[in-house]
There are 2 protein chains.
Amino acid sequence: MASSSDIGVDEARDRAVGIVADAVGELMRFWNFKPSLGRIWAILYLSPGPLDAEEIEARSGLSTGNVSMSLQELLQWGVVKRVPVSPAGAAAGVSSRRRLFVAETDMWAMVARVFRERELHLIERTIAQLEEALDLLDGVGRGAGPTAMLQSRFLVTRVRNLLELAKTGRRLLEGLSRTGSVDFTAIRDVLRVRS
Amino acid sequence: MASSSDIGVDEARDRAVGIVADAVGELMRFWNFKPSLGRIWAILYLSPGPLDAEEIEARSGLSTGNVSMSLQELLQWGVVKRVPVSPAGAAAGVSSRRRLFVAETDMWAMVARVFRERELHLIERTIAQLEEALDLLDGVGRGAGPTAMLQSRFLVTRVRNLLELAKTGRRLLEGLSRTGSVDFTAIRDVLRVRS
DNA sequence: CATGGATTTCAATACTAATTGAAGTTAGTG
DNA sequence: CACTAACTTCAATTAGTATTGAAATCCATG
């Protein structure tokens with residue numbers, strides 16, 4: 001039960017949660033997630049117990065639809081979990097229609113998963129594009145004048161450099177989620193290529 | 001001098017450059033840079049010699065203004081360099097009014113710089129925000145009812161976790177640009193904190 | 001199996017960021 | 001020092017995302 005002097009306390013708590021939600025939202029945006037995802041995760045993470053959509057809506061100031069969609073997305077990323085209504089809660093009359101959510105606290109798993117799935121996918125696409133470019137250049141050289149020859153050689157070399165870089169990145173990323181440690185000196189050498 | 005059979009060759013080259021420019025542009029966008037920065041850098045990187053703004057404009061399909069602004073930004077990041085008109089070029093009548101640019105090829109320096117300046121700045125802001133939240137919560141607890149007390153304790157713990165995580169990230173990032181190698185096991189432990 | 005609260009969907013709206021291009025400025029050149 | 005090509009600036013436009021909220025759907029409950 002809250003005493004009358006808790007009014008200021010509650011306010012301070014709400015403001016603190018707001019600040020953290022903003023911070024996490026911004027961080028998430030920087031990593032190309034929608035800010036609402038960050039806000040909602042933060043609110044769940046800072047709540048001692050599970051919350052339902054309505055409560056999240058109230059605390060985050062986001063719309064019904066947004067909360068629903070964001071929760072789906074967070075579940076997909078394994079960053080939020082659904083929890084069953086506890087027997088105690090059920091006995092106390094909490095409707096079983098309400099779905100309750102908590103934040104996943106093993107952030108390493110979160111980060112590893114995002115890296116594995118999203119960044120890896122990005123780099124795969126890049127590699128495919130670079131290979132496509134190389135294929136195009138492969139036909140070049142035969143039947144070409146000497147100037148064109150030289151330019152093509154140069155181009156091929158540079159695209160190959162980018163490709164090598166991308167592949168190193170992929171290897172790195174793949175290793176990361178397993179070993180949990182990365183030797184950046186490997187990539188540094190590729191990055192330093194001059195030609 | 002290009003022979004007639006070079007027509008298809010030139011086309012292939014242009015398309016290849018286009019594909020790479022797209023790929024790099026997309027990559028850059030993912031890292032929260034404007035895609036045009038990536039496109040322009042790629043075009044310079046794939047050119048055997050320095051290019052002036054007009055040439056970049058033609059090859060990238062971007063507007064005059066965009067090319068000008070983007071070059072400024074790329075120079076700031078040390079990702080592109082200005083080069084003086086070569087004596088040979090000057091003798092051949094290349095106007096000294098035209099400014100020539102080349103791509104920086106030491107990509108490690110580029111990446112390290114971006115990480116150091118940009119990501120570090122982001123994490124600094126986050127840390128400041130988390131500390132602000134903690135300050136707010138500091139006043140809470142005295143004169144509060146027992147329920148409020150418990151909730152506040154919980155909140156403080158969780159915000160502290162986030163803060164610790166952020167600081168670990170900062171330490172990591174600081175180390176990265178120097179040693180070139182990161183032990184992610186350190187951060188993994190922080191990320192795995194349960195409470 | 002009808003009811004109504006809970007949830008999802010999605011077209012419309014609001015926001016944010018990137019790009020354009022014309023007007024303004026700068027600086028080689030004759 | 002006037003001229004003009006090269007470059008820069010920035011207000012307006014366009015493009016791209018995120019968010020809203022009302023309508024549709026779902027589903028435990030009586």
Side-chain angles (χ1 to χ4, degrees), chain A residues 21-22 24-41 43 50-77 80 82-87 89-101 118, chain B residues 21-22 24-41 43 50-77 80 82-87 89-101 118:
Chain A
D22 284 352
V24 176
E26 225 176 319
L27 258 178
M28 292 291 252
R29 192 166 58 81
F30 206 78
W31 287 355
N32 291 299
F33 289 96
K34 290 171 220 159
S36 351
L37 298 191
R39 293 186 61 77
I40 291 177
W41 180 83
I43 283 167
L51 299 177
D52 62 32
E54 197 184 344
E55 189 61 34
I56 294 170
E57 210 181 303
R59 297 196 195 186
S60 68
L62 298 170
S63 70
T64 327
N66 193 345
V67 169
S68 172
M69 291 186 296
S70 297
L71 282 171
Q72 294 311 320
E73 217 167 327
L74 290 167
L75 286 171
Q76 296 237 315
W77 283 110
V80 154
R82 256 198 80 185
V83 293
V85 176
S86 73
V94 172
S95 166
S96 66
R97 266 173 290 183
R98 287 183 180 272
R99 299 177 178 186
L100 298 178
F101 301 89
R118 211 186 50 173
Chain B
D22 284 351
V24 176
E26 225 177 317
L27 259 178
M28 293 291 253
R29 192 165 59 81
F30 207 78
W31 288 352
N32 291 298
F33 289 97
K34 289 172 221 163
S36 353
L37 299 191
R39 294 187 62 78
I40 292 177
W41 180 84
I43 283 167
L51 299 176
D52 61 32
E54 197 184 345
E55 189 61 34
I56 294 170
E57 209 181 303
R59 298 196 193 186
S60 68
L62 298 170
S63 69
T64 327
N66 193 344
V67 169
S68 172
M69 289 186 297
S70 297
L71 282 171
Q72 295 311 320
E73 216 167 327
L74 290 167
L75 286 171
Q76 297 235 315
W77 283 109
V80 153
R82 255 197 81 185
V83 293
V85 177
S86 73
V94 171
S95 166
S96 67
R97 266 174 287 183
R98 285 184 181 273
R99 299 179 179 183
L100 298 177
F101 301 89
R118 211 187 50 172

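Reminder, nothing fancy here: chain letters follow the sequence lines and each chain counts from 1. Every value quoted in this text rests on a predicted model; they were computed, and no experiment measured them.
Atom CZ in Arg98(B) sits about 13 Å away from atom C1' in dG28(C), given to the nearest Å. Rounded to an integer number of Å, the gap from Phe101(B) CZ to dA6(D) P is 13 Å. Note: CG (Leu62(A)) to P (dG21(D)) measures 11 Å, nearest angstrom. The interatomic distance linking Ile40(B) (CD1) with dC7(D) (C1') rounds to 14 Å, in whole Å. The NZ-C1' distance, from Lys34(B) to dT14(D), rounds to 15 Å in whole Å. For the pair Gln72(B) CD and dC10(D) P, the interatomic distance rounds to 13 Å; values are reported in whole Å. Phe30(A) places its CZ atom 17 Å from the P atom of dT16(C), with the value rounded to the nearest Å. Residue Glu73(B) contributes atom CD, which lies 10 Å from atom P of dT19(C) at whole-angstrom precision.
The Ser63(A) side chain lies nearest to dT20(D) when the options are dC7(D), dT20(D), dA18(D). The side chain of Ser68(A) lies closest to dT8(C) when the candidates are dT8(C), dT19(C), dT8(D).
Annotation: side chain of Ser60(A) is in contact with side chain of Val67(A) (closest heavy-atom distance under 4.5 Å). In this structure, the side chains of Asn32(B) and Asn32(A) come closer than 4.5 Å at one or more pairs of heavy atoms.
Using a 4.0 Å heavy-atom cutoff across all strands shown, Glu54(B) reaches no nucleic acid atom at all.
Exactly one of Asp52(B), Leu71(B), Ile43(B), Leu74(B) qualifies for a side chain to side chain contact (heavy atoms under 4.5 Å, CB included) with Phe101(B). That residue is Leu71(B).
Note on Arg99(B): a side-chain N or O is less than 4.0 Å away from OP1 or OP2 of dT8(D). Phosphate contact (OP1/OP2 of dG5(C), side-chain N/O of Arg97(A), threshold under 4.0 Å): absent. For the pair Thr64(A) and dA22(D), the criterion of a side-chain N or O lying under 4.0 Å from OP1 or OP2 is not met.
Put simply, OG1 on Thr64(A) and CD on Glu54(A) are 9.0 Å apart, with the number rounded to the nearest 0.5 Å.
Ion pair Asp22(B)/Arg39(B) flagged as a salt bridge, since at least one NZ, NE, NH1 or NH2 atom sits closer than 4.0 Å to an Asp/Glu carboxylate oxygen.
The residue among Asn66(B) and Arg29(B) whose nearest nucleotide of DNA chain D lies closer to the 5′ end is Asn66(B).
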